[in-house]
Amino acid sequence: MASLVVEGAVLLGRQTKNQLPRILGAVYISKRNVSIEPASMKRGTGGRSSFSGIVATVFGASGFVGRYVCNRLGKIGSQVIIPYRADPYEVERLRLVGDLGQVLFFPFNLKDEESIATAMKYSNVVVNLIGREWETKNFNFTDVHVEGAQRIARIARESGVEKLVHFSSLNASPTPQHIYSKAGSKFLRSKYEGELAVREEFPGAIIFRPADIYGSEDTFLRYYANFWRRARSTSIPLWKKGEATIKQPVFVGDVAEGVIQAIKNPDAVGKTFEIVGPEQYYLSDLVDYFYRVMRFRKMKRTRISPLFLIKAYLMGLAPATPLYSLHKLEKEFVTDVLTGCPTLEDLGVKLTRIEDRAPWELKPYRQGAYYEEYLGEFADPEPPPTVSAVS
């Protein structure tokens, strides 16, 4: 018993002996043994101050999608363990996504198996959201998307985790559509290899293949709205002017809800889900719509020039987070193709249309953002036509 308290105190940030069983919520203590039975500790009606029986370790919680997933888990009374690296202040605000004592933090390294095992030791659910759109000297695509994912899946299986939700990418393929390089996107190839590695180690894993995800602080709407993404103040370069690329973006809130429904649904085990929005659009029509929302009347689409590719190469060498790189451009213009896997609608998620969110998300980027307009002074921007409507 003493060893359990000491071990739990290290994991949960030196909690007291009396607090530990309540905080873990997953530890059943008897005179003879100590076993992990999270479901037996369910309490309440399912709200924030309840306990849903879910003890979830969320890798990649500090990322864009991770924050929404943790928030949804906290809302239904789950206990969330957040492994983090680097500065702990980067994840400190996530403490508020759940009730008092329900959100716990633990430092880890993706290459350190002991820290990974400790982070998921008391969990019955693991969500792997770790991903990267650029390579560094410490972690390349294979390290993150293949070896790291395989390591998490193997340790989850060995730890007795009941459900693993692994995030891959839509269009992940051994031979992705090539745009500038003959081999295609290295990002998409590594995501495909990661899927195979996870399936090998954890056959019952639930794999999510998300399309471009938009929402607050995203890298889709704000990517195209960014000044540095343009060639000049009045032009934005796209491959074939965006007229050869079809996208099916999905709202981040729908993705987070899909994770919750997949965890709850016993039929989701072992399946692959393609996480897409309700409609398909040509990238050209989406970009035109974004700039209509931002009231850029003179913005036009152009083809990508060799000079812009050089700029992308140099930006990819930046030590900080690059806005875009050659890897990003290679992935950006791949057409979203569905392969017949179930989608969010099969999980019972009501999908959000992009025209219902884009005006709000892009409001800070409008021209004359501080201008106090009169009611009805500006007409609502015309929504983008869907692919079915165009064809």
Side-chain angles (χ1 to χ4, degrees), residues 26 36-39 52-61 65-66 68-70 72-73 76 78 80-81 83 113 116-117 119-131 144-174 176 188-211 213 248 250 254-276 336-349 351:
I36 301 174
E37 297 183 6
S52 64
I54 297 174
V55 182
T57 299
V58 183
F59 291 93
V65 180
Y68 288 84
V69 171
C70 290
R72 288 293 293 116
L73 285 168
I76 63 173
S78 306
V80 185
I81 300 172
E113 295 190 3
I116 294 173
M120 64 175 72
K121 185 172 184 178
Y122 301 102
S123 300
N124 56 359
V125 173
V126 170
V127 182
N128 180 19
L129 285 154
I130 297 177
V144 178
H145 300 153
V146 184
E147 296 177 0
Q150 184 178 32
R151 191 173 298 118
I152 289 175
R154 175 174 55 81
I155 296 174
R157 172 176 52 79
E158 293 172 351
S159 301
V161 171
E162 297 173 11
K163 289 191 177 182
L164 168 66
V165 181
H166 171 75
F167 270 69
S168 180
S169 174
L170 194 65
N171 305 317
S173 168
L188 295 177
R189 290 202 313 275
S190 65
K191 281 292 189 179
Y192 173 79
E193 294 168 1
E195 285 187 20
L196 299 181
V198 169
R199 278 275 184 252
E200 181 181 354
E201 297 291 349
F202 201 115
I206 303 169
I207 294 180
F208 272 29
R209 292 178 177 171
I213 305 175
Q248 197 167 351
V250 61
D254 297 342
V255 178
E257 179 63 22
V259 172
I260 302 301
Q261 296 304 321
I263 292 172
K264 291 181 176 180
N265 190 345
D267 295 332
V269 173
K271 292 184 179 180
T272 297
F273 293 86
E274 293 177 325
I275 310 304
V276 295
D336 289 345
V337 178
L338 302 184
T339 61
C341 294
T343 65
L344 286 175
E345 291 180 312
D346 296 295
L347 290 171
V349 178
L351 299 180

Can you name the closest pair of heavy atoms from [X] and [Y] and give their distance?
{"X": "Ser123", "Y": "Val161", "value": "O-CG2, 3.9 Å"}
{"X": "Arg199", "Y": "Gly204", "value": "NH1-C, 4.3 Å"}
{"X": "Thr57", "Y": "Pro83", "value": "CG2-CG, 3.5 Å"}
{"X": "Ser173", "Y": "Pro176", "value": "O-CD, 3.3 Å"}
{"X": "Ala262", "Y": "Lys163", "value": "O-NZ, 3.6 Å"}
{"X": "Gly60", "Y": "Leu129", "value": "O-CB, 4.1 Å"}

Original post:
Yes or no on side-chain contact (heavy atoms from CB on, under 4.5 Å) for Val125 and Leu73, after CA distance, side-chain angles and deciding distance?
Top reply: CA-CA 11 Å; Val125 173; Leu73 285 168; 6.0 Å; no
Original post:
Residues in salt bridge (Lys or Arg N to Asp or Glu O under 4.0 Å) with Asp336, at least two apart?
Top reply: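 With sequence neighbours excluded, Asp336 shows a salt bridge (Lys or Arg N to Asp or Glu O under 4.0 Å) to Lys247, given in chain and number order.
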Subject >> Partner residues of Glu200 under the salt bridge (Lys or Arg N to Asp or Glu O under 4.0 Å) criterion, sequence neighbours left out >> reply: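 Per chain and number, Glu200 pairs via salt bridge (Lys or Arg N to Asp or Glu O under 4.0 Å) with no residue.
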Original post:
Should Glu193 and His145 be marked as a side-chain contact (heavy atoms from CB on, under 4.5 Å) after you check the CA-CA gap, both sets of side-chain angles, and the distance that decides it?
Top reply: CA-CA 8 Å; Glu193 294 168 1; His145 300 153; over 6 Å; no
**OP:** Output all residues satisfying ring-ring contact (aromatic ring centres under 6.0 Å, His included) with Phe202, sequence neighbours left out; order by chain, then residue number.
**Re:**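 Applying ring-ring contact (aromatic ring centres under 6.0 Å, His included) to Phe202 gives none.
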Rounded to the nearest 0.5 Å, what separates atom [atom1] in [X] from atom [atom2] in [Y]?
{"X": "Phe208", "Y": "Asn128", "atom1": "CZ", "atom2": "CG", "value": "13.0 Å"}
{"X": "Ile260", "Y": "Leu347", "atom1": "CD1", "atom2": "CG", "value": "11.5 Å"}
{"X": "Ser159", "Y": "Leu164", "atom1": "OG", "atom2": "CG", "value": "11.0 Å"}
{"X": "Asp254", "Y": "Thr343", "atom1": "CG", "atom2": "OG1", "value": "11.0 Å"}
{"X": "Gln248", "Y": "Ile275", "atom1": "CD", "atom2": "CD1", "value": "11.0 Å"}
{"X": "Ile116", "Y": "Glu158", "atom1": "CD1", "atom2": "CD", "value": "11.0 Å"}

Original post:
So among Glu274, Glu195, Lys191, which one has a side chain to side chain donor-acceptor pair (under 3.5 Å) with Ser168?
Top reply: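 So, applying the side chain to side chain donor-acceptor pair (under 3.5 Å) to Ser168 and each of Glu274, Glu195, Lys191, only Glu195 qualifies.
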State, with a plain yes or no, whether a side-chain heavy atom of [X] is found less than 4.5 Å away from one of [Y].
{"X": "Leu170", "Y": "Leu188", "value": "no"}
{"X": "Ile152", "Y": "Ile130", "value": "yes"}
{"X": "Gln261", "Y": "Leu344", "value": "no"}

Original post:
Distance-only, no hydrogens or angles: does the Arg209 side chain make a donor-acceptor pair with backbone N or O of Asn171 under 3.5 Å?
Top reply: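 Looks like no, no N/O pair under 3.5 Å.
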Subject >> Check: Gly53 main-chain N/O paired with Asn124 side-chain donor or acceptor under 3.5 Å >> reply: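 The answer is yes, because a donor-acceptor pair under 3.5 Å joins these two groups.
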**OP:** Show the numbers, then the answer: is there a side-chain contact (heavy atoms from CB on, under 4.5 Å) between Val55 and Ile81?
**Re:** CA-CA 8 Å; Val55 182; Ile81 300 172; 4.3 Å; yes
Original post:
Is there a side-chain contact (heavy atoms from CB on, under 4.5 Å) between Val259 and Phe167 once you walk through the steps?
Top reply: CA-CA 10 Å; Val259 172; Phe167 270 69; 3.7 Å; yes
